[in-house]
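Remarks on the structure that follows.
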Amino acid sequence: MNVPLLDLKAQHRAIKAEIDDAVAEVMESQQFILGPQVQKCEQAIAQYSGCAYGVGVSSGTDALLICLMAEGIGPGAEVITTPYTFFATAGSIARVGAKPVFADIDPASYNLNPAQLESKITAHTRAIIPVHLYGQMADLDPVMQLAQKHGLVVIEDAAQAIGAEYKGRRAGSIGHYGCFSFFPSKNLGAAGDGGMVVTQAAQRAENLRRLRAHGSQPKYYHKVIGGNFRLDTLQAAVVSAKLRHLDDWTAARQRNAQRYHQLFRASGLSIANSSEYRIKGNGSPRVYLPETVADRHIFNQYVIRTARRDDLKAALQDKGVGTDIYYPVPLHLQECFSGLGYRAGAFPESESAANETLALPIYPELSEPQARYVVQGIAEFFSR
Ligand SMILES: *Cc1c(COP(=O)(O)O)cnc(C)c1O
């Protein structure tokens, strides 16, 4: 059997006619830059996320970048975030000339641990970027309280978390900005790159719209320097068509996660939850399963944890099961950030997660026999 980590062709087969229509409509209109299709997509995503405004941009990375630009964050400023995330989170901070400052994660959720935050705040701190990793929201109440107390901007990196909820509120709707990515492997993927910023503030939305078109307003008059950060109209049309299916896909991902839990429980493997991973010694669990601590986990990834991660990954590959590591090197140990002066051991939770986590196939179309095959493969590996 072959079980890929992600099977986008299976998704496309199911909705091909709708996507073809959406693309054809843009081709007929020959309007490829902004226009009503982009506006429609912005309104739909804003509404889906419980936000007043959406501003379509060229990628999730540019969504983060443009928020930092809109707040005038640059040289001399510090922005606090997690080192256990995709590179773009901290890369964007560095690109505007500001300094990424890291705080360690909570091993239950793999998200920023709010208890680690306050000691990182200095007179130079301007913003916090919590990341909702794997599709589950970070613990935002304490983050927002700290931000309010110290006058900081909160930019949610919700690239993996569209539609996720924390205390009944959607990803992107709690901070001052929420950033989404439509990279094809995200739960709502375009046919290429794309992204969006959502916000509750009219003035912020207006600033973002100006910045994504070189800061020009009116056309060819520039009070500020922006860039070309527009969402392609073709991508907006594809995203709008796929948004109608997102809740069904999320439900299927959640069902697959539940199925994995049941199969792991029935497998005879010793298992525990991610928050218990410190149990060590004889009889320590072989595999730690992801834990749902926020309200609505949308399972962009289903990530298990094991001390024998690299060998397990190789064994599964031999059996035709695709897996991946998100992420093998925490950002404070990346070569390009060596100038920040962090050493190994600075963030022990992020570092051990980077050594032990493994993402299994969780895409909506994953079948029961496929899930069974994956868990059997893992049980066999540990029985050898
Ligand atoms: C995917 C991702 C991004 C970047 O999005 P792109 O659209 O690929 O630029 C940023 N942050 C996180 C956490 C991501 O997963």
Side-chain angles (χ1 to χ4, degrees), residues 5-6 8 41 45 49 54-69 79-96 100 102-103 105 109-112 127-138 140 143 154-164 166 171-172 175 177-198 208 212 227-232 234-236 238-239 242 253 294 297-303 324-332 334 337 350 353-354 357 359 362-363:
L5 180 63
L6 177 64
L8 284 174
C41 181
I45 298 284
S49 309
V55 179
V57 294
S58 29
S59 68
T61 302
D62 289 339
L64 293 163
L65 188 68
I66 203 174
C67 293
L68 292 163
M69 290 171 72
V79 178
I80 305 174
T81 191
T82 159
Y84 190 64
T85 175
F86 178 59
F87 178 75
T89 316
S92 308
I93 300 168
R95 278 176 66 195
V96 296
F102 297 112
I105 56 166
S109 64
Y110 301 105
N111 285 325
L112 262 187
I128 304 173
I129 308 185
V131 179
H132 308 316
L133 205 67
Y134 304 149
Q136 173 162 246
M137 286 182 71
L140 283 193
V143 174
V154 174
I155 302 166
E156 295 177 53
D157 183 340
Q160 300 183 10
I162 191 163
Y166 168 82
Y177 301 91
C179 296
F180 297 122
S181 164
F182 304 132
F183 187 79
S185 69
K186 305 295 158 89
N187 285 24
L188 181 62
D193 280 306
M196 193 167 294
V197 183
V198 288
L208 293 169
R212 78 172 164 188
N228 178 354
F229 300 125
R230 294 177 296 250
L231 173 64
D232 275 1
L234 272 168
Q235 300 303 346
V238 170
V239 167
K242 287 173 87 169
R253 285 173 181 270
H297 192 328
I298 62 154
F299 288 100
N300 179 241
Q301 302 295 345
Y302 182 93
V303 174
D324 213 341
I325 298 166
Y326 303 109
Y327 296 91
V329 181
L331 299 186
H332 65 288
Q334 293 287 351
F337 289 139
S350 298
T357 51
I362 186 74
Y363 58 90

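In each ligand, atom 1 is the first atom listed, and ligand 1 is the first ligand listed.
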Counting only nitrogen or oxygen atoms and a 3.5 angstrom limit, does Ser181 reach ligand 1?
yes
Proximal atoms of ligand 1 relative to Thr85 (non-hydrogen, under 4.0 Å):
13 (C)
Leu65 side chain reached by Val96 side chain, heavy atoms, under 4.5 Å
yes
Run down the list Phe87, Phe182, Phe180, Phe86 and name the one with the heavy atom closest to atom 3 (C) of ligand 1.
Phe86
Among all protein heavy atoms, pick the one closest to atom 10 (C) of ligand 1 and tell me residue, atom and distance.
Asp157 OD2, 3.6 Å
Counting heavy atoms only, which of Lys186, Met196, Gln160 comes nearest to atom 2 (C) of ligand 1?
Lys186
Counting only heavy atoms, which portion of Ser59 has something under 4.0 Å from ligand 1: side chain, backbone, both, or neither?
both
Between Tyr84 and the options Thr89, Thr357, Val131, the side chain to side chain contact (heavy atoms under 4.5 Å, CB included) test singles out Thr357
Does any N/O atom on Thr61 come nearer than 3.5 Å to any N/O atom on ligand 1?
yes
One finds that the ligand 1 atoms under 4.0 Å from a non-hydrogen atom of Val131 are 13 (C)
Whether the Ser59 and Asp193 side chains hold a donor-acceptor pair (N or O, under 3.5 Å, no angle test) is what I'd like checked.
no
Given side chains that start at C-beta, do those of Ile129 and Leu64 come closer than 4.5 Å, heavy atoms only?
yes
I'd like the name of whichever of Ala63, Ser58, Gly60, Ala159 reaches closest to atom 6 (P) of ligand 1 through any heavy atom.
Gly60
Using 30° and 60° as the class limits, which term best fits the ring planes of Tyr327 and Phe86: parallel, tilted or perpendicular?
tilted
